[in-house]
Amino acid sequence: MLPLSSRVRKTAGSQTLAQTAKAKRLREAGMDVVALTAGEPDFPTPGHVKEAALAAIASDFTHYTENEGIRELREVIAAKFSRENDFRVTAEQILVSTGAKQSIFNALQAICNPGDEVLLLSPYWVSYPDIIKLADATPVIVSSHRDGHFRPDIRRIRDALSRHTKALILNTPCNPSGVVYSSEEISQIADLVRDAGIYVLSDEIYEKITYDGNRHISIGSFPGMEDKAIVVNGLSKAFAMTGWRIGYMGGPPEVIKAASKVQSQVTSNPNSIAQKAAVAALTGGEADVRHMVGEFSRRRDLAMEFMSRIPDLTVVKPEGAFYFLLGVSRFYGRRSGSGPISSSGEMADYLLDRHGVAVVPGAAFGMDACIRLSYACSVENLRKGLERMREGLTQLSSDHVSIP
Ligand SMILES: Cc1ncc(COP(=O)(O)O)c(C=O)c1O
């Protein structure tokens with residue numbers, strides 16, 4: 001075979017998708033598997049959103065649109081940014097894309113050159129390092145899990161800055177940790193971004209999924225961010241619209257223009273019908289979102305209560321999103337039958353192969369001491385999955401070997 005590009009050879013496929021696919025394969029082969037891997041709400045898309053899509057089809061709104069998204073939607077998004085995030089941009093500063101993932105891709109393609117560095121706080125969303133590499137830049141990982149609480153560590157971020165730093169990626173509420181950055185933390189990061197003269201790409205896709213009075217705050221609302229902040233968001237999580245593929249970003253005019261140029265040569269406009277549905281989602285009230293968040297909150301409490309009784313498991317209560325990042329390193333060195341477990345990948349394989357519960361290895365998020373569990377599933381499945389995980393971990397506990 002002729003060689004593939006070096007760009008593609010240094011890129012890994014999504015590990016979360018891989019683990020979900022493995023669980024599916026085992027299920028199809030007849031194994032009873034509970035998947036706690038989902039990165040999407042298990043709720044239907046709201047009815048009024050589906051109706052808007054049907055109306056778009058009925059009225060033949062089925063052709064190419066403006067590359068950057070229809071003006072109606074960009075105006076709705078600009079108004080949303082202003083109203084909900086105190087982030088002031090015009091419709092010309094909005095680019096609508098085929099999912100937030102494409103928004104992030106477009107943004108990094110627009111701002112990165114070979115040799116540039118992009119700072120990532122670990123634990124980080126699985127796709128950032130590879131999207132950075134696809135832009136010919138280098139991910140620089142800053143560990144932000146001081147005291148095991150996954151909070152951003154400003155001093156370490158400052159120490160990681162170099163003359164090559166082009167941008168910092170922020171993700172709050174965070175996938176996988178569930179941490180929601182405080183106003184104080186974001187203010188300190190805004191100061192750092194301003195002093196360093198770099199871009200900040202703020203991925204706010206879980207903004208509406210927060211608990212216990214924690215409120216999402218956008219770095220785009222801080223002074224001096226007008227020419228620095230690229231704010232990414234999307235419909236996937238808040239409106240249970242993962243399959244519709246609508247994401248968007250707002251930012252400095254020249255960045256948006258450049259990102260739009262990238263998009264024009266890759267996908268052109270996002271799906272026309274989904275754009276009309278997005279207008280309905282963003283203007284149709286938040287009753288469905290509130291209902292969904294209420295359910296997630298109950299499941300989180302249930303899982304928290306259950307897991308806090310498993311010896312040696314480290315659990316940090318999520319403040320947002322719908323994941324737990326569980327510390328499992330105290331189980332490393334314990335025998336699984338085939339040998340001692342020594343990594344998150346081996347732990348995830350053990351739990352899936354031997355106990356029928358699928359989770360994602362923390363190594364995918366830069367945290368090999370952890371596994372990620374999603375509670376975007378029915379209470380019945382969650383209970384079943386948690387029981388299996390406890391069984392698996394407890395069996396390990398009773399069969400300890402020390403690694404030389
Ligand atoms: C932190 C984060 N950003 C972006 C995305 C991508 O979302 P979209 O479906 O809009 O591409 C995800 C999806 O899992 C995510 O968890």
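Throughout, numbering of the chain's residues begins at 1 and tracks the sequence. Computation of the quantities below employed the complete heavy-atom set of this structure, encompassing side-chain atoms and omitting hydrogens, waters and symmetry-equivalent molecules. We count ligands from 1, going down the list as the structure has it; atoms in each ligand are counted the same way.
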How about F365 and F150: are their ring centroids closer than 6.0 Å?
no
F87 and F81 aromatic ring geometry - parallel, tilted or perpendicular at 30°/60° bounds:
perpendicular
The side-chain contact (heavy atoms from CB on, under 4.5 Å) partners of S272 (sequence neighbours excluded) come to F61, T65
Table of N or O contacts for ligand 1, cutoff 3.5 Å:
from: ligand 1; atom 1: 3 (N); to: D203; atom 2: OD2; distance (Å): 2.6
from: ligand 1; atom 1: 9 (O); to: S236; atom 2: OG; distance (Å): 2.7
from: ligand 1; atom 1: 9 (O); to: R245; atom 2: NH1; distance (Å): 2.8
from: ligand 1; atom 1: 10 (O); to: A100; atom 2: N; distance (Å): 2.7
from: ligand 1; atom 1: 10 (O); to: S236; atom 2: OG; distance (Å): 3.2
from: ligand 1; atom 1: 11 (O); to: A100; atom 2: N; distance (Å): 3.2
from: ligand 1; atom 1: 11 (O); to: K101; atom 2: N; distance (Å): 3.0
from: ligand 1; atom 1: 11 (O); to: R245; atom 2: NH2; distance (Å): 2.8
from: ligand 1; atom 1: 14 (O); to: K237; atom 2: NZ; distance (Å): 2.6
from: ligand 1; atom 1: 16 (O); to: W125; atom 2: NE1; distance (Å): 3.4
from: ligand 1; atom 1: 16 (O); to: N175; atom 2: ND2; distance (Å): 2.8
from: ligand 1; atom 1: 16 (O); to: Y206; atom 2: OH; distance (Å): 2.8

Does the structure place the NZ or CZ of R354 under 6.0 Å from the centre of the six-membered ring of Y350, at an angle of no more than 45° from the ring's axis?
no
Specify whether F43 and H291 have parallel, tilted or perpendicular ring planes, treating 30° as the upper limit for parallel and 60° as the lower limit for perpendicular.
perpendicular
Heavy-atom count around R215 CZ within 6.0 Å, excluding the residue itself: above 12?
no
